[in-house]
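Below, each value reflects all heavy atoms present in this structure, side chains not excepted, and no hydrogens, waters or symmetry copies. For ligands, and for the atoms within them, numbers begin at 1 and follow the listed sequence.
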Amino acid sequence: MTVDPLIELRDVNKYYGELHVLRDIDLTVGKGEVVVVIGPSGSGKSTLCRTINRLETIQSGSIRLDGQPLPDEGKALARLRAEVGMVFQSFNLFAHKSVLQNVSLAQIKVRGRKREEADQRSRALLERVGLAAHAEKYPAQLSGGQQQRVAIARALAMDPKVMLFDEPTSALDPEMINEVLDVMRQLARDGMTMVVVTHEMGFARSAANRVVFMADGRVIEDRAPEDFFTRPESDRAKDFLSKILKH
Ligand SMILES: Nc1ncnc2c1ncn2[C@@H]1O[C@H](COP(=O)(O)OP(=O)(O)OP(=O)(O)O)[C@@H](O)[C@H]1O
């Protein structure tokens with residue numbers, strides 16, 4: 001099956017000072033694909049995510065979104081950040097604004113929507129993530145899982161072309177992990193293009209089109225989950241899987 005590419009990384013290299021964190025990365029994410037990135041701590045997974053919406057600069061190589069090189073600054077960069085929705089481990093909601101205001105704010109500021117239109121959209125998205133009844137509450141009145149679902153609704157409100165998730169469930173209590181993963185599974189079924197850094201192997205098995213395994217800043221394997229989990233090719237991946245599957 002040929003997929004229409006949405007994100008294309010070619011020969012990407014990134015350093016933090018002397019530390020070579022991304023090494024010759026070639027990666028294509030097709031429209032509607034769900035790519036789960038896994039690998040040992042420090043292998044560069046977060047950095048990879050952060051380069052895609054230009055939170056990090058790269059030293060060489062190229063990154064294209066929908067055929068266009070990533071912009072460096074100004075309005076084009078703000079537009080890019082809206083088109084590449086990002087959900088982090090911590091939810092970073094505005095504590096003194098209601099859930100509804102949290103979801104509406106960037107729509108008004110970045111997208112230029114009128115408050116009424118933004119709020120209407122926000123309510124529909126809150127419904128989609130199962131939080132319609134909580135629109136008037138403040139973040140501190142919600143559980144971690146609910147706050148993370150607000151963060152997802154906030155990113156979706158910008159009409160992103162792709163959603164990046166960087167360990168979205170790592171800060172959550174175990175009983176809340178599934179409520180967030182279920183929202184992500186639904187997004188995947190709805191055809192959203194997604195890049196997901198996670199330690200949740202069940203999600204990788206069930207929702208990913210491809211698993212990208214990274215180690216030492218390199219993509220070591222990039223394969224369908226059923227192949228990767230049953231027949232990992234590299235010693236690094238075998239070692240990684242045997243460690244995490246023991247837990
Ligand atoms: N801002 C930074 N400045 C300097 N070094 C950094 C910075 N951010 C990350 N690093 C280093 O870059 C390497 C890759 O980090 P990164 O967070 O991308 O890895 P990761 O695979 O996401 O790890 P984890 O699973 O632990 O989150 C690590 O050695 C990390 O210490």
Side-chain angles (χ1 to χ4, degrees), residues 7-29 34-63 65 70 72-73 77 80-81 84-92 144 147-148 151-152 155 162-174 176-177 180-181 184 194-205 207-208 210-223 225 228-229 232-247:
I7 303 168
E8 297 163 278
L9 287 86
R10 291 288 163 266
D11 219 6
V12 166
N13 284 278
K14 158 101 192 142
Y15 296 81
Y16 288 118
E18 300 278 291
L19 189 65
H20 196 172
V21 273
L22 296 180
R23 296 166 184 255
D24 307 326
I25 304 277
D26 273 306
L27 183 68
T28 303
V29 179
V34 177
V35 173
V36 169
V37 184
I38 65 176
S41 184
S43 53
K45 307 180 297 292
S46 288
T47 306
L48 177 75
C49 243
R50 293 165 62 84
T51 60
I52 296 173
N53 75 345
R54 211 61 179 74
L55 285 171
E56 302 285 352
T57 54
I58 57 175
Q59 274 74 43
S60 68
S62 69
I63 305 178
L65 178 73
L70 299 190
D72 281 334
E73 54 192 17
L77 184 56
L80 171 85
R81 296 262 163 80
V84 181
M86 183 128 185
V87 174
F88 299 90
Q89 185 173 337
S90 59
F91 335 119
N92 295 325
Q147 290 188 56
Q148 193 59 305
I152 293 172
V162 53
M163 287 282 285
L164 308 180
F165 292 86
D166 189 2
E167 302 198 19
T169 58
S170 297
L172 300 179
D173 291 337
M176 287 164 198
I177 290 176
V180 172
L181 293 180
M184 292 166 62
M194 293 164 54
V195 177
V196 183
V197 176
T198 186
H199 298 289
E200 295 295 330
M201 296 302 133
F203 179 83
R205 277 174 187 270
R210 279 158 50 209
V211 171
V212 167
F213 174 73
M214 289 185 73
D216 299 331
R218 289 185 196 281
V219 172
I220 309 280
E221 301 201 27
D222 178 353
R223 302 163 64 205
F228 178 76
F229 286 109
E233 282 174 351
S234 60
D235 289 343
R236 293 300 300 264
K238 285 178 196 162
D239 185 45
F240 175 78
L241 287 175
S242 73
K243 278 191 189 126
I244 52 161
L245 296 177
K246 249 186 239 156
H247 292 295

**Q** For atom 18 (O) of ligand 1, what's the nearest protein heavy-atom neighbour? Residue, atom name and distance, please.
**A**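 For atom 18 (O) of ligand 1, the nearest protein heavy atom comes out as Thr47 OG1, 2.5 Å.
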**Q** For Arg218, is there an ion pair with Asp24 - N to carboxylate O distance below 4.0 angstrom?
**A**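 Salt bridge: yes.
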**Q** Looking only at protein heavy atoms, which one is nearest to atom 19 (O) of ligand 1, and how far off is it?
**A** Gly44 N, 3.2 Å
**Q** Check each atom of ligand 1 against the heavy atoms of Leu19 and keep those under 4.0 Å away; list them by number with element.
**A** 11 (C), 12 (O), 29 (O)
**Q** Can you figure out which of Gln89, His199, Lys45 has its heavy atom closest to atom 21 (O) of ligand 1?
**A**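 Result: the heavy atom closest to atom 21 (O) of ligand 1 is in Lys45.
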**Q** Under the 3.5 angstrom rule, does the side chain of Glu200 hit a backbone N or O of Thr169 as a donor-acceptor pair?
**A**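 Judged by distance alone, no pair lies under 3.5 Å.
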**Q** What protein heavy atom sits nearest atom 9 (C) of ligand 1, and how far away is it?
**A** Tyr16 CE1, 3.4 Å
**Q** Less than 4.0 Å between a side-chain N and a carboxylate O, is that true for Arg54 and Asp72?
**A** yes
**Q** Among all protein heavy atoms, pick the one closest to atom 27 (O) of ligand 1 and tell me residue, atom and distance.
**A** Glu167 OE2, 3.3 Å
**Q** State, yes or no, whether a side-chain contact exists between Val196 and Val35 at a heavy-atom distance under 4.5 Å.
**A** no
**Q** Within the 3.5 Å criterion, strictly below it, is a donor on Glu221 or Ser234 matched to an acceptor on the partner's side chain?
**A** yes
**Q** Please determine if Ser43 has a nitrogen or oxygen closer than 3.5 Å to a nitrogen or oxygen of ligand 1.
**A**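 By distance alone, the answer is yes.
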**Q** With rounding to the nearest 0.5 angstrom, report the CG to CE distance, Leu27 to Met214.
**A**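 Rounded to the nearest 0.5 Å, the CG-CE separation comes out at 9.0 Å.
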**Q** Specify the protein heavy atom at minimum distance from atom 17 (O) of ligand 1: its residue, its atom name, and the distance to 0.1 Å.
**A** Ser46 CB, 3.6 Å
**Q** For atom 13 (C) of ligand 1, find the nearest protein heavy atom and state the residue, atom name and distance (0.1 Å precision).
**A** Val21 CG1, 3.2 Å
**Q** So is Gly217 touching ligand 1 or not, going by heavy atoms under 4.0 Å?
**A**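 Gly217: no contact with ligand 1 (<4.0 Å).
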**Q** Regarding Arg236 and Asp216, does a basic nitrogen lie under 4.0 Å from an acidic carboxylate oxygen?
**A** yes
**Q** What's the separation between atom CZ in Arg81 and atom CG in Leu70, rounded to the nearest 0.5 Å?
**A**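 Rounded to the nearest 0.5 Å, the CZ-CG separation comes out at 9.5 Å.
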**Q** Any side-chain to backbone donor/acceptor pair from Lys14 onto Thr57? Under 3.5 Å, distance only.
**A** yes
**Q** How far is atom 23 (O) of ligand 1 from the closest protein heavy atom, and which atom is that?
**A**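 Of every protein heavy atom, Gly42 N, 2.8 Å lies nearest to atom 23 (O) of ligand 1.
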**Q** Considering only the protein, which heavy-atom contact is closest to atom 26 (O) of ligand 1, and what is its distance?
**A** Ser41 OG, 2.6 Å
**Q** Output yes when a protein non-hydrogen atom is found under 4.0 Å of atom 30 (C) of ligand 1, and no otherwise.
**A** no
**Q** Which ligand 1 atoms are under 4.0 Å away from a heavy-atom of Pro40?
**A** 21 (O)
